[in-house]
2 protein chains.
Amino acid sequence: MSPNEGPKTLRNVAERAGVSVATVSRVLSGSYPVTRHTRQRVLRAVEELDYVANSHARALRGQATESVAFVVNDVRGPSFALVAHGAEEEAARRGRLCLICTTQGHAERELAVVRTMRAQRAGAVILVGGVMDDERYRRRLAEVARSLEASGSRLVLCGRPPIGDGVPATVIEYDNEAGAHAAVSHLLARGHRRIVFVGADPLGTTTATARLAGYRRALHEHGGDADERLVIESDFERDTAHDRIVGSIRGGLAFTAVFAVTDSAAAGALTALNDCGLRVPEDVSLVGYDDVAPATDLRPRLTTVHVPYEELGRAAVRLPLGLREGTISAADQHLVLGTHLVVRESTAPPPPPARS
Amino acid sequence: MSPNEGPKTLRNVAERAGVSVATVSRVLSGSYPVTRHTRQRVLRAVEELDYVANSHARALRGQATESVAFVVNDVRGPSFALVAHGAEEEAARRGRLCLICTTQGHAERELAVVRTMRAQRAGAVILVGGVMDDERYRRRLAEVARSLEASGSRLVLCGRPPIGDGVPATVIEYDNEAGAHAAVSHLLARGHRRIVFVGADPLGTTTATARLAGYRRALHEHGGDADERLVIESDFERDTAHDRIVGSIRGGLAFTAVFAVTDSAAAGALTALNDCGLRVPEDVSLVGYDDVAPATDLRPRLTTVHVPYEELGRAAVRLPLGLREGTISAADQHLVLGTHLVVRESTAPPPPPARS
DNA sequence: CGACGTAGAGAAATCCTTTTCTGCCGTCAC
DNA sequence: GTGACGGCAGAAAAGGATTTCTCTACGTCG
């Protein structure tokens, strides 16, 4: 009805209630003594004008709760979605807003995004996921961490190793290497000897490197070293893994088990095996990594390494905010969460050696 | 090295460069004439102090680009993730920040979140997903729409029907009913007659209602009406659908095809059918809805209705911002995107009638 | 040589809220 | 009856950036 032009301000409310802006502010903050009569008049004016305080002005004055910025490669990835959920949940619990940005894996864009977040005076800037383990990039990141710290913000690395001593950053990791070790040990215990690792990354993404290291350690502890022909390069995507596995089988590679670097890659591997007439787990056992959506949709359901992604997200908010509030010490800003193997139906003992 | 306490301000830069704050601002905005010499001095000071403008102060002055708020039930849902990705992409393309909030389906929390977004002066507030089709809720939402409009913001309903004429809101829908109609028509054309619909919602979620309506219309156009025993109540989740299907089969329900309200429900239905010794598609055909991650992970791969979720997200940002910029008219603030059936391997003609 | 015009830079107002700092008035005690 | 004190509310400053207004100085033209 009324031609309400633009948002209302404290002044509008004050005029309507016939008091000063200071009084309105005091009524709304609630922490100052105000006469019952005045309070009611103000509250009615607020109601009638449908007033909502401008959070930018409030932030400027230093009173608003800072937001939390969440920088992710791609929201569509199931593991990213889990981390985002955990982070958002924890942020909401504390009354913080959650900003989200995607980088599509571009380091340049990541730096640009962090700059924007610094302008926003976000309480924490959370970088999620593994990256190229590149020396130059690490140096730039260390610089970013210091910039953020100087701006009163905090850099959080989530699911990614620390960048160095003396760099002010909170780090939430999970034990990638141990998870891979457990997965491969499981296959070894069941009697497998020729175990393919699909997902070796020549570019050296931290996640892929750590999982491959776990694979190698398990084999090494078991007495043999890896046959390098069994280590197959691939990214984390299903189609790539599919094509690489098909190619390897066509090339005559012999194996009885596949350990895939991610569940997505495992999904691709499963299709590839089936395409080549191999059954899982009767002919070939299959293990994935992440324990995300595909794992229970596949048939057979996938044996995989569970990663506590939601807890990762929660910790990525809890730790830096706790540091600001003084409830969590600087020494506790590095957290390593455990992983564990979930055994489902995609693993079995190897078939007896064919005799033809 | 230097004990840089707190973030830098324009004044710090101005002092270091030996000019006024106005000059610094002008150099940074770039739209005013400044001497080459002065500009260089200012830029060097900015560089040295690692200055980043406070976006709250900028927003207060009315100069900052508004952010886009994205309110979603649960980021983990694959369709929500797709919409979020589309929206974030479009927002980033326009240099807007993306705020994200989850409501866990609570109407109360949704309203609280919208209030926060109003305080943030977000350019658009995007509500994603279907809701209970409740008259009281719709009235409150209409009120919210008007409040937002008065605050200079815009309510966007994404994947949800309009709430009424005269309510200032942008609506991005997709044709739920037509998609369901296409899916069921496909089954009918293949010769199926007894087609189960799993996912009828007694609470009347808009999405479920529309999909059920498409199911009914297809049957009706084909000459027969639905056998109400074939319409099975369930929510959108896989486990619920699984249990309901198992229960129905145990109860002696006879059918040759299942149309599930979502791909997740279809995943549950597939497991249920397999558990009962029924093969897909030889014994029973199966169709899902959404065309999200599970659809291609399942075996057989799922025939399903494709929904352009990413485009939905992009439009949810494009339309309201276009309205503000004057490039998209108020008449074009209601968009209905098409859906189409994707035929994969989960559908086949029904088996010949058993004669035992 | 003087006057006018213009470019470049500083001073100050503005955006909206919070928070001191003041000031008023009423009450209580001496 | 007067002085002191306390409670409540208004005035004003602060917070950081933008923008209008204003002023100075220089260059050019008559």
Side-chain angles (χ1 to χ4, degrees), chain A residues 5-43 45-46 49-66 115-116 118-122 150-153, chain B residues 4-43 45-46 49-66 116 118-122 150-153:
Chain A
E5 215 38 69
K8 307 298 172 305
T9 75
L10 263 193
R11 259 241 303 277
N12 302 131
V13 177
E15 281 167 10
R16 187 172 189 107
V19 297
S20 72
V21 292
T23 303
V24 178
S25 177
R26 284 193 271 253
V27 168
L28 293 180
S29 79
S31 54
Y32 286 78
V34 178
T35 309
R36 186 185 176 79
H37 172 71
T38 312
R39 153 171 291 119
Q40 287 188 342
R41 281 233 310 238
V42 169
L43 289 179
V46 166
L49 290 175
D50 195 24
Y51 168 78
V52 176
N54 183 328
S55 60
H56 293 298
R58 195 174 256 174
L60 189 56
R61 199 61 179 71
Q63 227 23 47
T65 68
E66 295 160 315
R115 207 179 163 73
T116 308
R118 200 137 71 83
Q120 291 285 328
R121 303 295 188 260
S151 303
S153 186
Chain B
N4 295 324
E5 217 36 69
K8 308 298 173 302
T9 76
L10 261 195
R11 259 242 300 280
N12 301 133
V13 177
E15 280 167 9
R16 186 172 189 107
V19 297
S20 71
V21 292
T23 303
V24 177
S25 176
R26 284 193 272 252
V27 168
L28 293 180
S29 79
S31 54
Y32 285 77
V34 178
T35 308
R36 185 185 176 75
H37 173 70
T38 311
R39 154 171 292 121
Q40 287 187 343
R41 281 233 310 238
V42 168
L43 289 179
V46 166
L49 290 176
D50 195 21
Y51 168 78
V52 177
N54 183 327
S55 61
H56 293 299
R58 195 174 255 173
L60 188 57
R61 197 61 178 71
Q63 224 28 44
T65 67
E66 296 160 315
T116 308
R118 202 138 70 83
Q120 290 285 329
R121 302 296 187 262
S151 303
S153 185

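Model, not experiment: these values are computed from the prediction. A note on names: the letters A, B, ... follow the listed sequences, proteins ahead of strands, and every chain is numbered from 1. Hydrogens, waters and symmetry mates are skipped; everything else that's a heavy atom, side chains included, is used.
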>> Treating primed atoms plus P, OP1 and OP2 as sugar-phosphate and everything else as base, which nucleotides of nucleotides 18-25 of chain C get B, S or - for protein heavy atoms under 4.0 Å?
In response: BBB-----
> Looking at A:Lys8 and B:Arg121, what are the two nearest heavy atoms and their distance?
Replying inline: O-NH2, 3.9 Å
>> Using a 3.5 Å distance criterion without hydrogens, assess whether the side chain of B:Ser153 forms a donor-acceptor pair with backbone atoms of B:Arg118.
In response: no
> Taking all atoms of both residues into account, what is the closest heavy-atom pair of A:Val34 and A:Arg39, and its distance?
Replying inline: O-NH1, 3.7 Å
> Residues two or more places apart in sequence or in another chain: which of them pass side chain to side chain contact (heavy atoms under 4.5 Å, CB included) with A:Thr65?
Replying inline: A:Arg96
What pairs of nitrogen or oxygen atoms, one from the protein and one from nucleotides 22-24 of chain D, lie under 3.5 Å apart?
none

> Rounded to the nearest 0.5 Å, what separation is found between the OG atom of B:Ser55 and the CG atom of B:Leu60?
Replying inline: 11.0 Å
>> My understanding is that only residues two or more places apart in sequence, or in another chain, count here; which of them pass side chain to side chain contact (heavy atoms under 4.5 Å, CB included) with B:Thr9?
In response: B:Arg11, B:Asn12
>> Output the rounded distance in Å from CD (A:Gln120) to P (D:dG16).
In response: 16 Å
> What is the distance, rounded to the nearest whole Å, between atom CG of A:Asn54 and atom C1' of C:dT14?
Replying inline: 14 Å
>> Donor-acceptor pair, distance only, cut-off 3.5 Å: does the side chain of A:His56 make one with the backbone of B:Gln120?
In response: yes
> Between atom CG in A:Leu60 and atom P in D:dT18, what is the gap in whole Å?
Replying inline: 12 Å
>> Within the 4.0 Å heavy-atom criterion, would you say B:Val24 contacts the bases, only the backbone, or no part of the nucleic acid?
In response: nothing
> Hey, what do you get for CD (B:Glu15) to CG (B:Leu49), rounding to the nearest 0.5 Å?
Replying inline: 10.0 Å
> Can you tell me how far C1' of C:dC15 sits from NE2 of A:His56, to the nearest Å?
Replying inline: 12 Å
> For residues 35-42 of chain A, which residues have at least one heavy atom under 4.0 Å from DNA chain D?
Replying inline: A:Thr35, A:Thr38
Check residues 16-29 of chain A and write down every donor-acceptor pair under 3.5 Å in which the side-chain atom is one partner and the other belongs to a residue at least two apart or another chain.
from, atom 1, to, atom 2, distance (Å)
A:Arg16, NE, A:Glu48, OE1, 2.6
A:Arg16, NH2, A:Glu48, OE1, 3.0
A:Ser20, OG, A:Thr23, N, 3.4
A:Ser20, OG, A:Thr23, OG1, 3.1
A:Ser29, OG, A:Arg26, O, 3.2
A:Ser29, OG, A:Ser31, OG, 3.4

>> To the closest 0.5 Å, what do you measure between CZ (B:Arg41) and OG1 (B:Thr35)?
In response: 10.5 Å
> Of all heavy-atom pairs between A:Arg58 and A:Ala53, which one has the smallest distance, and what is that distance?
Replying inline: NH2-CB, 3.8 Å
